[in-house]
Amino acid sequence: MTQETRDHDALTVFGIDAGSDAPPFRQLHDAAMRAVSEGRLAPGQKLPTIRALAAHLGLAVNTVAAAYRALEESGVVEGRGRAGTFVSLGSDPVDAAARRIALDAAERLRGLGLDRARIRALLDEAVGASGAQPGQ
């Protein structure tokens, strides 16, 4: 899956119901929370830019920015400056660092044109070569 495809998939998570009593800010916030809990937004996945999401939904940039700020304050997403906003990798610093390494490795292998099965096989092989025992 290309970055463009993942970005488009993330856009589909968000929608606004004009007939809802909930304000757009709350609808965006709740949609992201549901998508994370259901696994439709995965740890480390990049969210659409604030401007792109605002344009996609026909909302003010400040409305989307407020929803992203609330999600960041609750620890669901993390802003990485110019790199963008991403679904949080977790509160455990070791687990978060490990996820970053795994995501980086997967992206680099995907960049070589490898499919998911081959990437998994290579990562499993690397774990075995590292001397880690099953369950460790």
Side-chain angles (χ1 to χ4, degrees):
M1 181 181 290
T2 67
Q3 183 65 44
E4 184 177 317
T5 301
R6 281 189 299 280
D7 289 347
H8 177 71
D9 289 346
L11 278 175
T12 63
V13 165
F14 299 98
I16 297 298
D17 177 2
S20 173
D21 289 337
F25 152 83
R26 175 58 51 202
Q27 291 182 52
L28 293 176
H29 178 274
D30 293 351
M33 296 292 280
R34 273 192 310 278
V36 168
S37 71
E38 294 169 358
R40 291 182 292 131
L41 287 176
Q45 185 173 354
K46 186 175 183 178
L47 295 182
T49 65
I50 290 170
R51 290 187 189 281
L53 185 55
H56 176 73
L57 297 172
L59 295 173
V61 170
N62 288 341
T63 300
V64 177
Y68 275 30
R69 270 193 307 278
L71 290 164
E72 190 167 0
E73 288 169 6
S74 65
V76 175
V77 302
E78 53 190 53
R80 298 185 194 160
R82 291 183 163 269
T85 303
F86 297 79
V87 176
S88 178
L89 293 171
S91 59
D92 177 343
V94 172
D95 192 52
R99 284 179 187 254
R100 271 195 191 92
I101 291 167
L103 286 166
D104 181 53
E107 283 295 320
R108 292 176 68 188
L109 292 167
R110 225 179 269 118
L112 295 174
L114 301 177
D115 66 16
R116 173 177 260 174
R118 183 65 180 136
I119 291 169
R120 283 185 179 174
L122 287 168
L123 292 174
D124 190 47
E125 181 181 304
V127 169
S130 73
Q133 299 299 315
Q136 290 184 335

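Small disclaimer: the values here were computed from a predicted structure and weren't measured. In what follows, residues are counted from 1 in the order of the sequence shown.
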Per-pair distances, 0.1 Å, donor-acceptor, side chain in residues 62-73, under 3.5 Å, sequence neighbours excluded:
from	atom 1	to	atom 2	distance (Å)
Tyr68	OH	Pro48	O	2.6
Glu72	OE2	Gly79	N	3.2

field: Where Leu57 and Gly15 come nearest, the two heavy atoms and their spacing
entry: CD2-CA, 4.0 Å
- request: Identify the two heavy atoms, one from Arg80 and one from Leu89, that lie closest to each other, and give their separation to 0.1 Å.
  value: NH2-CD1, 3.6 Å
Show me the side-chain donor-acceptor pairs of residues 16-24 shorter than 3.5 Å, one per line, residues at least two apart or across chains.
from	atom 1	to	atom 2	distance (Å)
Asp17	OD1	Gly19	N	3.0
Ser20	OG	Ala22	N	3.0

Would [X] end up clustered with [Y] when hydrophobic side chains under 4.5 Å apart are linked, directly or stepwise?
X      : Y      : value
Val87  : Ile50  : yes
Leu112 : Leu122 : yes
Leu28  : Leu11  : yes
Val61  : Leu47  : yes
Leu103 : Val36  : no

pair Leu41-Val77: side-chain heavy atoms closer than 4.5 Å: no
Approximate separation, where rounding is to 0.5 Å, of [X] [atom1] and [Y] [atom2]:
X      : Y      : atom1 : atom2 : answer
Leu109 : Asp104 : CG    : CG    : 9.5 Å
Arg118 : Glu125 : CZ    : CD    : 6.5 Å
His29  : Arg34  : NE2   : CZ    : 11.0 Å

query: Would Leu123 and Val127 satisfy side chain to side chain contact (heavy atoms under 4.5 Å, CB included), going step by step from the backbone distance to the final call?
result: CA-CA 6 Å; Leu123 292 174; Val127 169; 5.6 Å; no
query: Is it true that Glu78 and Arg100 have a side-chain N and a carboxylate O under 4.0 angstrom from each other?
result: yes
task: Any chance you could pull the hydrophobic cluster mates of Phe86, using side-chain heavy atoms under 4.5 angstrom and chaining through other members?
output: none
message: salt bridge (Lys or Arg N to Asp or Glu O under 4.0 Å), that's the test. Do Lys46 and Glu107 meet it? Break it down for me.
response: CA-CA 13 Å; Lys46 186 175 183 178; Glu107 283 295 320; over 6 Å; no
- request: Could you please spell out the steps behind the salt bridge (Lys or Arg N to Asp or Glu O under 4.0 Å) verdict for Asp30 and Arg26?
  value: CA-CA 6 Å; Asp30 293 351; Arg26 175 58 51 202; 3.5 Å; yes
